Novice: 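Dumping the structure here so I can ask a few things about it.
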Number of protein chains: 4
Amino acid sequence: MPESPVRADAKRNRSRILAEAAAVFAEKGASASTEEVAARAGVAIGTVFRHFPTKRDLLQAIVKDLLERLTEEAATLAADGDPATALFDYFRHMVAQAAAKKTVADLLAADTGVQLEVSGPVLTLSAAVQTLLSRAQHCGAVDPAVRLDEVMALLTATCQGALRSGWSPDLQERTLTIVFAGLRDRSSQAGEDVAAVRRRSG
Amino acid sequence: MPESPVRADAKRNRSRILAEAAAVFAEKGASASTEEVAARAGVAIGTVFRHFPTKRDLLQAIVKDLLERLTEEAATLAADGDPATALFDYFRHMVAQAAAKKTVADLLAADTGVQLEVSGPVLTLSAAVQTLLSRAQHCGAVDPAVRLDEVMALLTATCQGALRSGWSPDLQERTLTIVFAGLRDRSSQAGEDVAAVRRRSG
Amino acid sequence: MPESPVRADAKRNRSRILAEAAAVFAEKGASASTEEVAARAGVAIGTVFRHFPTKRDLLQAIVKDLLERLTEEAATLAADGDPATALFDYFRHMVAQAAAKKTVADLLAADTGVQLEVSGPVLTLSAAVQTLLSRAQHCGAVDPAVRLDEVMALLTATCQGALRSGWSPDLQERTLTIVFAGLRDRSSQAGEDVAAVRRRSG
Amino acid sequence: MPESPVRADAKRNRSRILAEAAAVFAEKGASASTEEVAARAGVAIGTVFRHFPTKRDLLQAIVKDLLERLTEEAATLAADGDPATALFDYFRHMVAQAAAKKTVADLLAADTGVQLEVSGPVLTLSAAVQTLLSRAQHCGAVDPAVRLDEVMALLTATCQGALRSGWSPDLQERTLTIVFAGLRDRSSQAGEDVAAVRRRSG
DNA sequence: GATGAATGAGTATTCATTCAT
DNA sequence: AATGAATGAATACTCATTCAT
């Protein structure tokens with residue numbers, strides 16, 4: 001006897017629920033009802049709660065999923081892409097995705113009302129971005145003084161901005177162009193500024 | 001005939017409610033209960049609804065208030081500040097404020113679930129920022145190709161980022177430094193990039 | 001000094017409130033809000049409650065007023081009208097009025113949710129109708145066996161029917177024609193029926 | 001496969017709720033609270049709303065139920081009864097029922113404040129009464145000029161009168177006797193009156 | 001494991017009534 | 001006497017969660 005056949009069903013249900021939940025919460029925000037998720041996944045409400053004992057668990061699973069996907073994309077770019085542009089491509093790609101799909105990128109910043117525990121997956125994502133950053137700096141495409149947390153901060157801020165305020169593709173590009181310019185030449189004109197900052201923030 | 005004394009009481013209540021509501025919604029999100037607002041303002045629930053017949057009205061009033069305050073600050077800086085740094089100061093000030101007070105800056109991007117009507121106040125704010133921008137460009141402190149909507153986009157994105165992800169003062173500064181650099185010298189090193197953008201977005 | 005001038009104001013307010021209340025309750029039913037009555041009467045809510053300490057009091061006053069008016073109309077008809085038709089005219093008039101004005105005739109049957117005390121005025125009205133009835137019976141226009149309570153029952157039932165179901169003028173007439181025929185010749189064809197009734201209801 | 005057993009439970013609850021709701025609304029009017037219905041049906045408030053998502057739905061279901069029962073009774077009489085008296089029996093039966101049970105006959109005239117959609121069931125009831133009427137006219141027990149809408153008008157008016165004003169059995173009979181006489185001999189003594197009516201209402 | 005009915009605390013909103021001005 | 005702001009109980013409806021089938 002192979003693995004119990006029931007389990008196959010359950011697994012299918014689980015991912016169906018996850019997928020529909022992502023869609024529902026993306027459309028209506030985290031306050032959408034679990035009942036609607038169940039309906040759209042074609043299962044009864046009890047089934048949702050069997051798989052995710054709490055709404056919080058469901059949200060957390062979605063976010064974890066999303067982060068994993070984003071991490072994979074970063075890894076792929078790190079493997080195949082031109083080091084000089086991969087970081088910028090990644091930025092652009094994510095922002096476009098956020099704006100277009102109104103995905104759960106939302107949840108990344110956890111204004112859920114619920115506190116989600118996703119530090120693990122976030123760390124992995126950061127590591128992937130770190131790779132992109134380092135290589136870009138090696139090429140001279142990004143100022144060597146730039147640190148990972150600034151990049152992550154700008155990344156999430158622009159994604160959310162694009163998502164929430166519905167930036168047009170044109171606006172996305174113009175905004176990112178400014179950010180990219182900043183990442184490149186922080187050292188030159190912005191030099192004295194950096195010095196000032198160091199003094200202030202000790 | 002002076003204004004009716006009854007109104008004095010009512011006015012005091014109204015602002016008390018507004019203030020506490022801003023605090024409550026900032027802490028717990030827009031889905032916090034109106035009852036809690038009432039409790040914290042020390043009035044009965046009916047009083048809240050007498051002043052703001054709908055929760056939506058309350059949220060809208062808060063946002064309108066906030067935007068007005070922000071607009072005033074921009075105007076003040078435009079009047080008194082050094083044109084070369086006023087825009088940057090404003091940015092820095094707002095981001096710091098958002099991060100510190102965890103205010104309702106949140107609501108600016110309206111992930112309220114409710115649709116708020118605030119186009120008027122938003123326009124006024126934009127106008128105020130436009131002034132700061134133009135003057136900075138006259139001084140050569142900001143690239144003349146930069147447009148208002150990019151600035152507003154970066155402003156809200158960084159405010160929200162700071163708010164939601166709780167950027168430390170240090171991180172705030174480092175992130176803004178990148179943005180400021182981008183605003184300044186988009187034309188120089190970033191030259192070819194800009195050209196590319198123009199091609200893409202027509 | 002004549003009567004205090006304040007009192008004149010108060011009296012005017014009282015009748016204004018009474019009139020608007022009748023209109024409001026007629027339109028929206030007895031569950032309309034007292035606040036609306038106040039607004040339409042152009043006074044503050046407190047003033048309404050000063051004159052009628054309870055909503056029930058207000059409703060009661062309206063009904064009393066209405067009954068008095070109806071009584072007057074009956075009395076007038078008794079004085080001026082043709083005894084043979086006055087009762088029928090009264091019926092017709094009241095039904096038409098109820099259907100047209102969607103007045104507070106409603107309240108006559110007290111489905112107010114509140115219990116109104118109006119036995120006094122109702123007795124007076126009954127006395128007035130009794131006069132019409134007796135005279136019609138003297139003329140031979142109404143069967144002598146008909147009693148007052150049957151007439152009142154039919155009167156209120158038809159008024160309410162017309163009011164609630166919105167009888168057209170045509171339907172009003174056809175329905176009343178049947179009732180009038182019944183009032184006239186209960187004795188003839190309906191004879192054996194009456195006998196049966198007497199046996200049953202002892 | 002028999003029907004799911006879960007459904008049995010649910011069905012029992014549904015009718016329990018319906019029955020208690022009818023009782024509650026009959027006693028206290030349509031503005032009685034849904035909570036009380038739930039309490040009296042021995043279920044939690046959520047259960048009531050699961051079965052009837054809106055108070056309006058609940059009221060509508062009650063009325064539909066009632067109309068169906070009334071229609072059945074008319075059909076039974078049409079099948080078994082003496083054509084000459086069946087219509088009168090039906091009248092008498094309904095009025096007695098309304099007065100005794102203080103049922104929701106009330107709702108028939110929809111002074112609910114809410115607008116109920118019951119045109120379907122009402123049409124079916126009318127059809128059933130039409131049968132009784134036609135047969136009575138064939139027998140000569142009812143004047144051939146009488147139309148269905150007059151009969152329905154008198155039927156509902158008397159039911160409501162009996163219900164609201166609490167007619168005693170004796171008063172019910174005496175009132176109905178008048179109505180029945182009117183239905184029978186509109187043509188004879190009432191002749192000139194009918195002519196007048198025809199002239200007026202075209 | 002899946003189903004979906006039941007639960008009941010929670011939420012926005014209304015309205016008669018009171019009371020400070 | 002009038003005003004209108006404040007009160008707070010009441011009400012329809014929602015939704016996460018439990019549990020019998």
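So that the names make sense, note that chain A is the first sequence line, chain B the second, and so on, each numbered from 1. All values reported here derive from a predicted model rather than from experimental measurement. Note that these values count all heavy atoms, side chains included, but never hydrogens, waters or copies made by symmetry.
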Novice: dA2(F) phosphate, OP1 or OP2: any side-chain N/O from N13(C) under 4.0 angstrom?
Specialist: yes

Novice: For the pair R40(C) and V24(C), evaluate side-chain contact (heavy atoms from CB on, under 4.5 Å) and give the outcome as yes or no after the intermediate values.
Specialist: CA-CA 8 Å; R40(C) 251 151 83 166; V24(C) 170; 3.6 Å; yes

Novice: Look at R50(D) and dA5(E) and indicate whether a side-chain polar atom (N or O) is within less than 4.0 Å of OP1 or OP2.
Specialist: yes

Novice: Tell me: CG of D57(C) to P of dT18(E), nearest whole Å?
Specialist: 11 Å

Novice: Nearest whole Å is fine: how far is dA1(F) C1' from R16(C) CZ?
Specialist: 18 Å

Novice: Donor-acceptor pair, D65(B) side chain versus I62(B) backbone, under 3.5 Å?
Specialist: no

Novice: Whole-Å distance between dA6(E) P and K11(D) NZ?
Specialist: 13 Å

Novice: Do any N or O atoms of the protein come closer than 3.5 Å to N or O atoms of nucleotides 13-15 of chain E, and which pairs are they?
Specialist:
unit_1	atom_1	unit_2	atom_2	d
dT13(E)	OP2	K55(B)	N	2.8

Novice: So what's the dot-bracket for DNA chain F: Watson-Crick or G-U pairs under 3.5 Å, [ ] if a pair crosses, | if it pairs off-strand?
Specialist: .||||||||||||||||||||

Novice: Return the value, rounded to whole Å, for the distance between atom CZ of F25(A) and atom C1' of dA16(F).
Specialist: 11 Å

Novice: Rounded to whole angstrom units, what separation is found between the CG atom of L58(B) and the P atom of dT11(E)?
Specialist: 15 Å

Novice: Would you name the heavy atoms of P53(B) and H51(B) that are closest together and state the gap between them?
Specialist: CD-O, 3.8 Å

Novice: Which is it for K64(D) and Q60(D) under the side-chain contact (heavy atoms from CB on, under 4.5 Å) test, yes or no, and what are the steps along the way?
Specialist: CA-CA 6 Å; K64(D) 213 183 127 215; Q60(D) 201 157 303; 5.8 Å; no

Novice: Are the side chains of R16(A) and V43(A) in touch, meaning some heavy atoms are under 4.5 Å apart?
Specialist: no

Novice: Please examine the side chains of E20(D) and E36(D), heavy atoms only from C-beta on, and report whether any two atoms are closer than 4.5 Å.
Specialist: no

Novice: Report yes if at least one side-chain N or O of T47(B) is closer than 4.0 Å to OP1 or OP2 of dT7(F); otherwise report no.
Specialist: yes

Novice: What distance do C159(A) atom SG and L70(A) atom CG have between them, rounded to the nearest 0.5 Å?
Specialist: 8.0 Å

Novice: Just how far, in rounded Å, is C1' of dG1(E) from CZ of R14(A)?
Specialist: 15 Å

Novice: Does dG1(E) have its OP1 or OP2 closer than 4.0 Å to a side-chain nitrogen or oxygen of H51(A)?
Specialist: no

Novice: Under the criterion side-chain contact (heavy atoms from CB on, under 4.5 Å), I'd like the reasoning laid out for F52(B) against T34(B): C-alpha separation, chi angles, the key distance, then a yes or no.
Specialist: CA-CA 10 Å; F52(B) 308 94; T34(B) 313; over 6 Å; no

Novice: Heavy atoms, side chains only, cut-off 4.5 Å: are F25(A) and L58(A) in contact?
Specialist: yes

